[in-house]
Protein chains: 2
Amino acid sequence: MPTRKSTPKIRPYHHGDLRRALIDAALALVTEEQDWAFSLREVARRAGVSHNAPYNHFGDKQDLLIAVAGAGFEKLRERMAASVAGVSAADEALLASGRAYLESALENPALYRLMFGPALAKPKGGRPQAAREAGNDARAVLVDIIVRGARSGVFTVAADDPVDLEKAVFFAWSVVHGLAMALLDGFLQVELTVDDLIKQFERVVLRGLLPR
Amino acid sequence: MPTRKSTPKIRPYHHGDLRRALIDAALALVTEEQDWAFSLREVARRAGVSHNAPYNHFGDKQDLLIAVAGAGFEKLRERMAASVAGVSAADEALLASGRAYLESALENPALYRLMFGPALAKPKGGRPQAAREAGNDARAVLVDIIVRGARSGVFTVAADDPVDLEKAVFFAWSVVHGLAMALLDGFLQVELTVDDLIKQFERVVLRGLLPR
DNA sequence: ACCTGAACACCGTTCAAGT
DNA sequence: ACCTGAACACCGTTCAAGT
């Protein structure tokens, strides 16, 4: 009996993280093509596996896209968290996180659209759960900032009133969200930089949260 | 030679508006499935034609989706225009159009996402032109309102300064856009009605445009 | 447990015809 | 000018095997 060929071949990913590799490949495709109309088989090809290997990790193509959206939310959360790391004043932190948010969206519009696209919106068996949690984690960064501002009295929000708090969070989120989307879609007919947008954000959000 | 069968058979759409029929069928599918992952062949089936008939009217599937988005913008424009028909005060008109906008978005989230989705964003031969024009027409309703408010002195916008005007329009649009999107995506964790949202809109936009 | 190859029904798009 | 049928390469998904 010959010696067993025990030297490990260069077999990528068989260490067990094909799932991650597939998400990365799909994320790269979304980024390159600025759309998510590519085929699942193409993703498998990129990951160097057979076209049905993905089904060991995802129920279907939609599930993979949901996971990509989840990864997008994780990246967004990290970026937002990093932007407020050394910032103690709540109003400054709010602006910094808003800037991080806008920059993230503008860097990868398609990923951003996927994160807020129909994939996550459709119930279909409660599968988007993990991605939704990632979205909530990103949202939590904003909640923290607003709670801090409310406690320190920088914002005119009642820190102990959940409804008031939620309204403020929703309000701030929707304004940056709207700025990002409108910018992405070219609804802006005049030249504005991200800095200008931040000023808009400041003008709008802080005016809504700071004492008059 | 027998008589020519000149009596018109019940042949739907052969009067020439298959294009419109295809757009309607696709619009119905977007509405029903709340997604645009359906096949072009399915659209053709619904319109009662062979699976390649669409290619007489659209370059490809993407082109059809772009046309659907265009139809969505037309409906949005009509609805916004109707909402401000009898309203003379600019600030009231702004609120009314904002309400119309939110209601439209909430009634058909998938159509709304399609209108602001990757299809229109990708250049690919300058084909989305018509749909973009429809979008601009909807936008024009808002421009009119703001110009009116600027001229009548209700809004703190310089009516003769294009940049100031554009900023105000962009600002108002992005806020409703953001409210609609955030609501669609369930980022709101507290119960709010459209009326509550309109109050938010009022609080934010009017505060930004009215004299302090 | 994870991956592969074969298989199936379906799809987007093209092309040569038909009227 | 507009529509159809046949054709092609490709896709999503399933299944029976392989390790």
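In what follows, chains are A, B, ... by sequence order, proteins preceding strands, each numbered from 1.
- For the pair E92(B) (side chain) and V87(B) (backbone), a donor-acceptor distance under 3.5 Å is absent.
- Distances shown here put every side-chain N or O of R45(B) at or beyond 4.0 Å from the OP1 or OP2 atom of dC10(C).
- Within the 4.0 angstrom heavy-atom criterion, no nucleotide atom of any strand lies near R19(A).
- Between the P atom of dT13(C) and the CG atom of N56(B) lies a distance of 14 Å, rounded to the nearest Å.
- Proximity of a side-chain donor or acceptor of D60(B) to a complementary backbone N or O of D63(B) within less than 3.5 Å is detected.
- H51(A) comes within contact range of at least one nucleobase, with a heavy-atom separation under 4.0 Å.
- When distances are taken from the side chain of L40(B) to each of dT13(C), dT4(C), dT13(D), the shortest belongs to dT13(C).
- The separation between L22(B) atom CG and dC2(D) atom P is 13 Å, rounded to whole Å.
- Look at CG on D60(A): it is 8 Å from P on dT14(D), rounded to the nearest Å.
- Base pairing analysis places dG12(C) opposite dC8(D); the two distances defining the Watson-Crick or G-U wobble pair are each below 3.5 Å.
- Residue-to-nucleotide contacts include a donor-acceptor pair under 3.5 Å from the side chain of N52(A) to the base of dT14(D).
- One atom, CZ of R41(B), and another, P of dC8(D), lie 14 Å apart when rounded to the nearest Å.
- One finds a salt bridge joining E107(B) and R79(B) here, because a Lys/Arg side-chain nitrogen approaches an Asp/Glu carboxylate oxygen to under 4.0 Å.
- Of all nucleotides listed (dC11(D), dT4(D), dT13(D)), dT13(D) comes nearest to the side chain of Y55(A).
- Between the CZ atom of F38(A) and the P atom of dC10(D) there is a distance of 18 Å, rounded to whole Å.
- When both distances must be under 3.5 Å, the Watson-Crick or G-U wobble mate of dA17(D) does not exist.
- When rounded to the nearest whole Å, the span between CZ of F58(B) and P of dA1(D) equals 18 Å.
- Put simply, CG on D17(B) is 11 Å from P on dC2(D), counting in whole angstrom units.
- Base pairing analysis places dC3(D) opposite nothing; no Watson-Crick or G-U wobble pair with both distances below 3.5 Å involves it.
- With salt bridges taken as basic N to acidic carboxylate O contacts below 4.0 Å, none links E42(B) and K61(B).
- Distance CD (Q62(B)) to C1' (dT13(C)): 15 Å, rounded to an integer number of Å.
- Distance alone, capped at 3.5 Å, is enough to place a donor-acceptor pair between the R113(B) side chain and the F116(A) backbone.
- Taking side-chain N and O atoms only, H57(A) has a distance below 4.0 Å to OP1 or OP2 of dC3(C).
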